[in-house]
Amino acid sequence: MSDTNPNDTAPRRDFIRELVIDDIATGRFGRAPATRFPPEPNGFLHMGHAKSICLNFGIAREFGGTCNLRFDDTNPLTEDMKYVEAIKRDIRWLGFDWDGEYFASDYFEKLYEIAERLVEQGKAYVDSQSEEEIRTNRGTVTTPGIPGPYRDRSPEENLDLLRRMKAGEFADGAHVLRAKIDLAHPNMIMRDPLLMRIRRDAHHYRRGTEWKIYPLYDFAHGLSDAIEGITRSLCTLEFKDSRDIYDWLVEAAGYNNPPTQIEFARLELDYTVLSKRKLLRLVNEGHVNGWDDPRMPTIAGLRRRGVRPEAIRAFADTIGVARKDARVEIASFEHTVRNDLNMEVPRVLCVLNPLKVVITNYPEGQVDMLEGQNYPHDVPKTGTREVPFSRELWVDRDDFMEDPPKKFYRLSPGREVRLRFAYFITCTDVIKDADGNVTELHCTYDPETRSGNAPDGRKVQGTIHWVSAQHALDCEVRLYDRLFTQPDPDDVPEGEDFLSTLNPTSLVVIPNAKIEPSVASDPIGSRYQFERTGYFMSEPEDSTPEKLVFNRIVSLRDSWAKESKKGI
RNA sequence: UGCCCCUUGGUGUAACUGGCAACACGCCUCACUCUGGAUGAGGAGAGUCUAGGUUCGAGCCCUAGAGGGGCAACCA
């Protein structure tokens, strides 16, 4: 991490870190803090995961502990190696490295041994009720469940059945291994939770068809933590009720000084969704162009968009960690992204919606090489580049108004403005087509203002960006906006879902923007601030030297937009 | 009609564990500026879900209630 980054702050003290500090002080675990990040390889990592990654890896880093990466791959139906690779890449990109790399699927043997032991001890049994019967007999949140007819099978019979389940003698659903706890337990999770189920013909992406039975989350998770010697198992709030079975299992399996689970609130971000299920739908139903679509809140999407890992880490810092459901405003994230980029990336001039300007008193064929500062005075970086100036220029249509309101500081008939790094110009004529659309502006320039200032001391209120028509490079600019039209995309009328709030203009492609020639040979993936417009990155997949493509990472704060709205 | 978790400005977090509500984002002013960016200065905005109680003193403790969320997947 660079120490000049204004986003880097001292580590916060959240309630989890307090507990970890406590553990260290009391010597509770007798070892350094050990955490783990346990993704299921069935989708791409998103911002919510980034929060968890920063927490788990951050704690390990801050307290001299360890953080494992463990793939929680206990469901052969949904998991895939491609997700494993993507997840590893994303974590590394975020700036973290793991101590141990483990797979729950490597624990299948151990887990099975534990299962046999539980059966022998009478703590687990094989249930042969149908899925439907199991559900019914579990009761409801307000009524207790009732024991099924197989609950009191002898350990011998259970063991025999379990072994035959493992051997592949039974079809899916014929039997299931359950913990023997209490069908009337007030915590639904504890009503004889399922431990293992048959998936006889499934193909596990790592274990192939070797295993006919697979552990369920509750069975695998805590025990995997215990096997790895994790001290604090951090997870999100919805697993709170699972803590009981977590503790029950590590105890029953005989682990002393086992890990304990701490739950924290998952991240919710305005105008987007952070759920793998929903993100998968966006991908599968073609609402976006894949997991790494720059509109996606996935790590891959943010990376492709141009957001830097520093910004994501800083964001994780600012949102904090608590036990309260929280929905973070998108402005907070955007601020972090700008704050990060402001100090890092060079400035460049790019005209998004070109409007031709002819400098009528500038000699035809003449070219003036001007010097452009790559960074503003308040960014501690230096560098200049040459910017060609000529008789015909492009400026942004947004920077011209024929009949401007009082506070409009840009170009309008008779108004003088400064061209960034160049001369003062004054608009003398507005050329229109038959339909009355402005097609061209005629301006005059003041040769005395080449320095950017007038020798006579006169001031101009506005400075606008521009590009020499003859020298400009054509480029495609992709303007990304929020994916949904409302802060909470799930807040929809009965019968609708989050897809009905998709933002139809979340991507606007500008096929013919004009950018200054200095960027021509910059490497793909270079980031810039297009002055007065926003932060951009050259598109990692699609940009080529022949056809430049840029992604908008985030726009600049726009106080004129706010000002002009007031007039409405 | 169960069990569990949560409740501090618009948003997200703090408050040395009982001592007179802070920080960030956002918003509004003003200043500065060759980016209406950045920066600087200032401001508005909560009396901590409600009602009782304990205490010299409560956001922190107690009681009761309200509101929000999670749990009845052979998902994680």
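A note on names: the letters A, B, ... follow the listed sequences, proteins ahead of strands, and every chain is numbered from 1.
Summarising the geometry, the separation between CZ on Phe219(A) and P on A76(B) is reported as 13 Å, rounded to the nearest angstrom. Here A76(B) presents its C1' atom at 15 Å from CG of Leu279(A), a figure rounded to the nearest Å. Spacing between atom CD of Glu334(A) and atom P of G37(B) amounts to 16 Å, rounded to whole angstrom units. Summarising the geometry, the separation between CE on Met188(A) and C1' on U1(B) is reported as 14 Å, rounded to the nearest angstrom. Between the CG atom of Leu216(A) and the P atom of A72(B) there is a distance of 13 Å, given to the nearest Å. Atom-to-atom, CG of Asp488(A) to P of G68(B) comes out at 15 Å; the value is rounded to the nearest Å. One can place CG of Leu223(A) at 14 Å from P of A76(B), the figure rounded to the nearest angstrom. When rounded to the nearest whole Å, the span between CG of Leu77(A) and C1' of A73(B) equals 13 Å.
At a threshold of 4.0 angstrom between heavy atoms, the contacts of Arg191(A) with the nucleic acid are absent. As judged by a 4.0 angstrom heavy-atom cut-off over every strand, His377(A) is placed among the base-contacting residues. Contacts of Phe408(A) with the nucleic acid, taken as non-hydrogen atoms under 4.0 Å apart, include base atoms. Across all strands, Arg347(A) comes closer than 4.0 Å to base atoms (heavy-atom distances). Gln129(A) comes within 4.0 angstrom of a base, heavy atoms only.
Atom NE2 of residue His335(A) and atom CD1 of residue Ile330(A) lie 14.0 Å apart, to the nearest 0.5 angstrom.
With C1' as the reference atom, C30(B) and G19(B) are 37 Å apart, rounded to whole Å. For the C1' atoms, the distance from C23(B) to G9(B) is 13 Å, rounded to whole Å. Using atom P as the reference point in both A21(B) and G12(B), the two lie 23 Å apart (nearest Å). Taking atom P on both nucleotides, G65(B) is separated from A24(B) by 40 Å, rounded to a whole Å.
When the nearest nucleotides of RNA chain B are assigned to His221(A) and Ile189(A) by heavy-atom distance, the more 5′-ward of the two goes with Ile189(A). Mapping Leu419(A) and Glu132(A) onto RNA chain B via the closest heavy atom, the residue that lands nearer the 5' end is Leu419(A).
Within a heavy-atom distance below 4.0 Å of RNA chain B, the residues of residues 139-150 of chain A found are Gly139(A), Thr140(A), Val141(A), Thr142(A). Proximity of residues 232-249 of chain A to RNA chain B (heavy atom under 4.0 angstrom from any strand atom) is restricted to Glu238(A), Phe239(A), Lys240(A), Asp241(A).
When the side-chain hydrogen bond (donor to acceptor under 3.5 Å, both in side chains) test is applied to His221(A), the partners found at least two apart in sequence or on another chain are Arg36(A), Asp72(A). Residues forming a side chain to side chain contact (heavy atoms under 4.5 Å, CB included) with Pro405(A) (at least two apart in sequence, or on another chain): Met401(A), Phe408(A), Trp560(A). The side-chain hydrogen bond (donor to acceptor under 3.5 Å, both in side chains) check on Asp456(A) picks up Arg458(A), with sequence neighbours excluded. For Tyr205(A), the side-chain hydrogen bond (donor to acceptor under 3.5 Å, both in side chains) partners at least two apart in sequence or on another chain are Asp73(A). In this structure Asp481(A) satisfies the side chain to side chain contact (heavy atoms under 4.5 Å, CB included) test together with Asn503(A), sequence neighbours excluded.
Glycosidic torsion of G37(B) falls outside 90° of 0, placing the base in anti. Under the 90° criterion around 0 for the glycosidic angle, U8(B) counts as anti.
Across C75(B), C3(B), A72(B), the shortest atom-to-atom separation from the side chain of Arg138(A) is found for A72(B). Counting only heavy atoms from C-beta on, Arg532(A) has its side chain closest to G36(B) among G69(B), A14(B), G36(B). Looking at the side chain of Asp72(A), the nearest of the listed nucleotides A76(B), G37(B), G36(B) is A76(B). Among U39(B), G2(B), C74(B), the nucleotide with an atom closest to any side-chain atom of Ile134(A) is C74(B). Looking at the side chain of Glu40(A), the nearest of the listed nucleotides C6(B), C74(B), A76(B) is A76(B). The Asn75(A) side chain lies nearest to C75(B) when the options are C74(B), G12(B), C75(B).
The salt bridge (Lys or Arg N to Asp or Glu O under 4.0 Å) analysis of residues 187-197 of chain A, with sequence neighbours excluded, yields the pairs Arg151(A)-Asp192(A). Residue pairs meeting the salt bridge (Lys or Arg N to Asp or Glu O under 4.0 Å) criterion with at least one partner in residues 134-150 of chain A, sequence neighbours excluded, are Glu132(A)-Arg135(A).
Cation-pi geometry between Lys276(A) and Phe44(A) is not met at under 6.0 angstrom from the ring centre and within 45 degrees of the axis.
A donor-acceptor pair under 3.5 Å is absent between the side-chain atoms of Thr449(A) and the main chain of Tyr445(A), judged by distance alone.
Side chain Asp325(A) to base G70(B): no donor-acceptor pair is found below 3.5 Å. With hydrogens and angles ignored, no donor-acceptor pair under 3.5 angstrom links the side chain of Arg327(A) to the base of U11(B).
A salt bridge is absent between Glu371(A) and Arg385(A); no separation between the charged side-chain nitrogens and carboxylate oxygens falls under 4.0 Å. In summary, Arg206(A) and Glu79(A) do not engage in a salt bridge, as defined by a charged side-chain N under 4.0 Å from a carboxylate O.
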Inset, instruction - Summarise protein proximity over nucleotides 23-31 of chain B in one line of letters, 5' to 3': B for base, S for sugar-phosphate only, - for none, counting protein heavy atoms closer than 4.0 Å. - result: --BSSSS--
Just distance, no hydrogens or angles: give the donor-acceptor pairs under 3.5 Å from side chains in residues 140-148 of chain A, sequence neighbours left out.
| unit_1 | atom_1 | unit_2 | atom_2 | d |
| --- | --- | --- | --- | --- |
| Thr140(A) | OG1 | Thr142(A) | N | 3.2 |
| Thr140(A) | OG1 | Thr142(A) | OG1 | 3.3 |
| Thr140(A) | OG1 | Thr143(A) | N | 3.1 |
| Thr140(A) | OG1 | Thr143(A) | OG1 | 2.9 |
| Thr143(A) | OG1 | Thr140(A) | N | 3.2 |

Inset, instruction - Determine, step by step, whether Thr236(A) and Arg266(A) satisfy the side-chain hydrogen bond (donor to acceptor under 3.5 Å, both in side chains) criterion, reporting the C-alpha distance in whole Å, the side-chain angles of both residues, the deciding distance to 0.1 Å, and the verdict. - result: CA-CA 6 Å; Thr236(A) 43; Arg266(A) 67 186 318 146; 4.7 Å; no
Inset, instruction - Evaluate side-chain hydrogen bond (donor to acceptor under 3.5 Å, both in side chains) for Tyr271(A) paired with Asp488(A), printing each intermediate quantity in order. - result: CA-CA 6 Å; Tyr271(A) 297 102; Asp488(A) 181 0; over 6 Å; no
Legend entry - Base-pair map of RNA chain B as dot-bracket, where | denotes pairing with a different strand and pairs are Watson-Crick or G-U under 3.5 Å: .((((((..((((.....[..)))).(((((.......))))).....(((((..]....))))))))))).....
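In summary, the side chains of Lys381(A) and Asn374(A) do not present any donor paired with an acceptor at a separation below 3.5 Å, with no hydrogens or angles considered. Side chains of Gln129(A) and Asn137(A): a donor on one and an acceptor on the other come within 3.5 Å.
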